[in-house]
Colleague: 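This is the structure, below, for whatever I ask next.
When reading the values below, keep in mind they use all heavy atoms of this one structure, side chains included, and skip hydrogens, waters and symmetry mates. Order of appearance sets the numbers: ligands from 1, and atoms from 1 within every ligand.
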Amino acid sequence: MRKIFIITLLLSGGISSFCLAQEKYTPSKENLENRQWFRDAKFGMFIHWGIYSMLADGEWVLTNKNLNEEEYQKLADGFYPSKFNADEWVRAAKDAGMKYICFTSRHHDGFSMFDTKQSDYNVVKATPFKRDVIKELAEACRKHGLKLFLYYSHIDWHRPDYYPWGRTGRNTGRTPSGTWEDYLKFMDAQLTELLTNYGSIGGIWFDGWWDKPDADWQLERQYALVHRLQPGCLIGNNHHKAPFEGEDFQMFERDLPGQNKAGYSADAEISTLPLESCETMNNTWGYNINDRNFKSTKQLIHTLVGASGNNANLLLNVGPGGDFPEGSVTHLKEIGEWMKTYGETLYGTRAGIVPHQPWGVTTQKDNKLYVHILNLDKTELLLPITGKKVKSIARFKDKTPVKYKKTKEGILLQLEEIPADIDHVIEIVWR
Ligand code: H79
């Protein structure tokens, strides 16, 4: 009897799949190099763009407004963004000091922004525009030396085989039926296209697992596929948990690592993987006509510096309508100007020895510590650092020496005046 059982197990492939499931993921050499690149890169651009952008009410409009899904599909008939210029978008990112772009290849509405054979519901087949947006972005990224990451939604509010439904998108008139296995195969086939047809992809940014946390997502198998096609491709999944096996970076939506201001990160224990925080410039990801509530350039720079000081990249979002909103363009230019001077104090650094403080953060590289003073209403600042030998302490921007005293508690900086710049950076060089 036992023999028969073992033979059956062997024949059914039970043992081999059992062994596979037990295998631990070992990142490839390219993957480890890319993780290092990612940690150094510090700043990227998120782009949320799809047929929802035409309704100008954010990327969740289908579900938030309980639109009829069949009617929603007709938006594609009118998608003709005549101003789209991948080169200009990538250049705007580059000029802002960004090193990579993460573009929504397919958001929760299920519409693919690339030429896919897996569904006609895509930008080439279903719209008069007929252009493969990802192909154009990939070419522009290659030309300008930025890496392209692809956002890929696990949720799909369009396909019948995204079934059983999750907690979202339930009132859009869809027929409740379909086979989950088909959906998994569809995603594999699309990921294969994305990782085969567009050259080297920096990473896949998954989102939506939380819609059905108990579903059989077969993530390890999906991740293995991604890594088999492009071993260097970094996988991140916005599941708001500590990273799962097979992931290469960890993201925090609208929060710095360790904070939970947005309310999504309560279970997101910080891992040792490279970290990324994503944030909107106004309040929404996809274009929203009512949202001109842009943060100030100063606030955005503080977010970027805060991310670096917490060992994370900032992935800053732009939500184009037909083109980049004016507010984003202005901010990107201003951030770019600032980065020309101060980029050196962020790129390639790691969180400094002084952890996040009410007055700001620190970053470090080689024998230098950059003290980023963001909010200080006095001229003295005590850095709780003892036992290090100082070679020099100076204002970063013009190298003017800064007075300081060594005390039992640490190094007491004595500034000439209360800092008024966006980020008053002091450079400490250790002996
Ligand atoms: O692509 C952008 C958003 O469309 C997507 N992620 C960013 C990058 C996003 N989807 N949802 N959210 C962000 C927040 C959603 C929160 C909720 Fe829920 C979904 C509230 C209820 C359902 C997840 C599950 C959080 C609480 C329960």
Colleague: Do any nitrogen or oxygen atoms of Glu59 lie less than 3.5 angstrom from nitrogen or oxygen atoms of ligand 1?
Modeller: yes
Colleague: Does the ring of Trp180 carry Lys212 above it, NZ/CZ under 6.0 angstrom from centre and within 45° of its axis?
Modeller: yes
Colleague: Does the side chain of Lys99 come within less than 4.5 Å of Asp40's, by heavy atoms?
Modeller: no
Colleague: Within a strict 4.5 Å, meaning less than it, do heavy atoms of the Tyr162 and His108 side chains meet?
Modeller: no
Colleague: Which residue holds the protein heavy atom closest to atom 19 (C) of ligand 1, what is that atom called, and what is the gap in Å?
Modeller: Trp210 CZ3, 3.6 Å
Colleague: With the threshold set strictly below 4.0 angstrom, can you tell me whether any protein non-hydrogen atom sits that near atom 17 (C) of ligand 1?
Modeller: no
Colleague: Is at least one protein non-hydrogen atom found at under 4.0 angstrom from atom 21 (C) of ligand 1?
Modeller: no
Colleague: Which residue and atom name correspond to the protein heavy atom nearest atom 2 (C) of ligand 1, and how close is it?
Modeller: His48 NE2, 3.3 Å
Colleague: Pairs of nitrogen or oxygen atoms closer than 3.5 Å, one from Tyr264 and one from ligand 1: do any exist?
Modeller: no
Colleague: Scan the protein's non-hydrogen atoms and note whether one is under 4.0 Å from atom 26 (C) of ligand 1.
Modeller: no
Colleague: Look at atom 12 (N) of ligand 1 and find which of Met251, His108, Glu253 reaches it with the closest heavy atom.
Modeller: Glu253
Colleague: Looking only at protein heavy atoms, which one is nearest to atom 11 (N) of ligand 1, and how far off is it?
Modeller: Trp60 CZ2, 3.1 Å
Colleague: Would you tell me whether Thr303 and Glu279 have side-chain atoms, one donor and one acceptor, within less than 3.5 Å of each other?
Modeller: no
Colleague: Within a distance under 4.0 Å of any heavy atom of Tyr151, pick out the atoms of ligand 1 and give their elements.
Modeller: 1 (O)
Colleague: Does Asn34 use its side chain to pair, donor to acceptor, with the backbone of Leu234 at less than 3.5 Å?
Modeller: no
Colleague: Give yes if a backbone or side-chain nitrogen or oxygen of Thr168 is under 3.5 Å from a nitrogen or oxygen of ligand 1, and no if not.
Modeller: no
Colleague: Can an N or O of Trp285 be found at a distance shorter than 3.5 Å from an N or O of ligand 1?
Modeller: no
Colleague: Between Trp285 and Tyr52 (judged by ring centroids, cut-off 6.0 Å), do the two rings come close enough to count as a pair?
Modeller: no
Colleague: Taking all atoms of both residues into account, what is the closest heavy-atom pair of Tyr223 and Asn237, and its distance?
Modeller: OH-ND2, 3.0 Å
Colleague: Roughly how far apart are Ile373 CD1 and Gln357 CD, rounded to 0.5 Å?
Modeller: 11.5 Å
Colleague: Taking the cut-offs as 6.0 angstrom to the six-membered ring centre and 45 degrees off its axis, would you call Lys399 and Phe396 a cation-pi pair?
Modeller: yes
Colleague: Any non-hydrogen atom of His240 lying under 4.0 Å from ligand 1?
Modeller: no
Colleague: Which atoms of ligand 1 sit under 4.0 Å from any heavy atom of Asp207?
Modeller: 1 (O), 5 (C), 6 (N), 7 (C), 8 (C)
Colleague: Do any nitrogen or oxygen atoms of Arg167 come within less than 3.5 Å of a nitrogen or oxygen of ligand 1?
Modeller: no
Colleague: For residues Thr104 and Glu59, determine if any side-chain heavy atom of one lies less than 4.5 Å from a side-chain heavy atom of the other.
Modeller: no
